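The first residue in the sequence is number 1, and the count goes up from there. Bear in mind that the values here come from a model prediction, so they are computed numbers and not experimental data.
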Amino acid sequence: MIARPWDRDKDYATLVKWWTDWEFGTVPKECLPPSGIVVSEDGKDICAGGLYIGEGTQFGFMEWIVTDKSAEPKTVHKCLKLCIDSIMTLAKDRGIKLVYTATKEQALHKRYQKYHDMVLTESNVKTFLRDLD
């Protein structure tokens, strides 16, 4: 397995395919954070996630965690572990003290707590978005 920084231009088509496969909707490329990780195994991209860093703060927001829907579950599990751990390392290396994330995916709820030492801080939350375009 290899974790590498994502390239928004080169990796965007892969991310869009994965989001579409999972019926997540599509995030405009210019709205993705510059910092992110893609994990591959045997030359095939398996998962990715991004890290927004609050300008002038030591706060990060991990978002857009997504996997290749056709990948083997065992492979996805290992690759997601490396991806999220790599995002946390990226955050530490950038001086981040708090990393926040939000998801409705039950599997990620369990994963964040069991494998990544994250603490559940809110439940029954509704999120809102306004497209200014």
Q) Is the shortest heavy-atom distance from the side chain of Arg130 to the side chain of Phe128 under 4.5 Å? A) no
(Q) Would you say Met1 ends up clustered with Val38 if hydrophobic residues are merged whenever their side chains have heavy atoms under 4.5 Å apart, either directly or through other cluster members? (A) no
Q) Below 4.5 Å, heavy atoms only, C-beta onward: do Met62 and Met118 meet side chain to side chain? A) yes
Q: Output yes when a side-chain donor or acceptor of Thr75 lies under 3.5 Å from a complementary backbone atom of Ala71, and no otherwise.
A: no
Q: Verify side chain to side chain contact (heavy atoms under 4.5 Å, CB included) between Val66 and Trp22, making sure each step is shown before the conclusion.
A: CA-CA 9 Å; Val66 66; Trp22 286 106; 4.0 Å; yes
Q.
So, taking the atom named CG in Leu80 and the one named OG1 in Thr67, what distance separates them when rounded to the nearest 0.5 Å?
A. 6.0 Å
(Q) Please find the pair of heavy atoms, one from Arg94 and one from Ser35, that lie closest to each other, and give the distance. (A) NH1-OG, 2.6 Å
Q: Decide side chain to side chain contact (heavy atoms under 4.5 Å, CB included) for Cys79 and Glu41; before the verdict, give the C-alpha distance in whole Å, the side-chain angles of both, and the deciding distance to 0.1 Å.
A: CA-CA 8 Å; Cys79 290; Glu41 184 170 81; 4.3 Å; yes
Q: Kindly determine whether Leu90 and Met88 satisfy side chain to side chain contact (heavy atoms under 4.5 Å, CB included), including the steps that lead there.
A: CA-CA 5 Å; Leu90 178 64; Met88 295 302 168; over 6 Å; no
Q) With a cut-off of 6.0 Å (strictly less than), are more than 12 heavy atoms of other residues, nucleotides or ligands near CG of Asp117? A) no
Q.
Quick one, Pro33 and Glu63 - any side-chain contact, counting heavy atoms below 4.5 Å?
A. no
Q) In Å and rounded to the nearest 0.5 Å, what is the CG to CD1 distance from Asp42 to Ile2? A) 9.0 Å
Q: Check the surroundings of atom NZ in Lys92: do more than 12 heavy atoms from other residues, nucleotides or ligands lie under 6.0 Å from it?
A: no
Q | Contact summary for Ile65 and Gly49, nearest pair of heavy atoms | A | CD1-CA, 3.6 Å
(Q) For His116 and Tyr112, take the angle between the two ring planes, folded into 0 to 90°, and tell me which bin it lands in: parallel under 30, tilted 30 to 60, perpendicular over 60. (A) perpendicular
Q) When hydrophobic residues are tied together by side-chain contacts of less than 4.5 Å, even through go-betweens, does Tyr115 share a cluster with Ile84? A) no
Q. Does the distance from a Lys or Arg side-chain N to an Asp or Glu carboxylate O, for Asp68 and Lys17, drop under 4.0 Å?
A. no
Q: Tell me, with the steps shown, if Arg4 and Asp11 meet salt bridge (Lys or Arg N to Asp or Glu O under 4.0 Å).
A: CA-CA 11 Å; Arg4 63 171 173 80; Asp11 294 316; 2.7 Å; yes
Q: For Arg111 and His77, indicate whether the former's side chain and the latter's backbone hold a donor-acceptor pair under 3.5 Å.
A: yes
Q. Taking the side chain from Glu23 and the backbone from Trp19, do they hold a donor-acceptor pair closer than 3.5 Å?
A. no
Q: Please assess Leu32 against Tyr12 for the test side chain to side chain contact (heavy atoms under 4.5 Å, CB included), listing each intermediate value before the final yes or no.
A: CA-CA 9 Å; Leu32 289 173; Tyr12 188 68; 3.8 Å; yes
**Q.** Minimal non-hydrogen separation, Ser70 against Lys44, with atom names
**A.** OG-NZ, 3.7 Å
Q) If you round to the nearest 0.5 Å, how far is OG1 of Thr14 from CG of Asp45? A) 5.5 Å
Q: Tell me whether Phe61 is reachable from Val99 by hopping between hydrophobic residues (I, L, V, M, F, W, Y) whose side-chain heavy atoms are closer than 4.5 Å.
A: no
Q. Looking at CD1 of Ile87 and CG of Leu82, how far apart are the two atoms once the value is rounded to the nearest 0.5 Å?
A. 10.0 Å
Q) Trp6 and side chain to side chain contact (heavy atoms under 4.5 Å, CB included): which partner among Leu51, Leu15, Ile37, Val39? A) Leu15
Q: Supply the atom-to-atom distance Ile96 CD1 to Thr57 OG1, rounded to the nearest 0.5 angstrom.
A: 6.0 Å
Q | Test item: side-chain donor near acceptor, Trp64 and Tyr52, under 3.5 Å | A | yes
Q | Lys74 side, atom NZ; Lys78 side, atom NZ - distance, nearest 0.5 Å | A | 8.0 Å
Q. Counting only heavy atoms not in Glu105, do more than 12 fall under 6.0 Å of its CD?
A. yes
**Q.** Taking every non-hydrogen atom, the tightest pair across Cys47 and Cys83
**A.** SG-CB, 3.7 Å
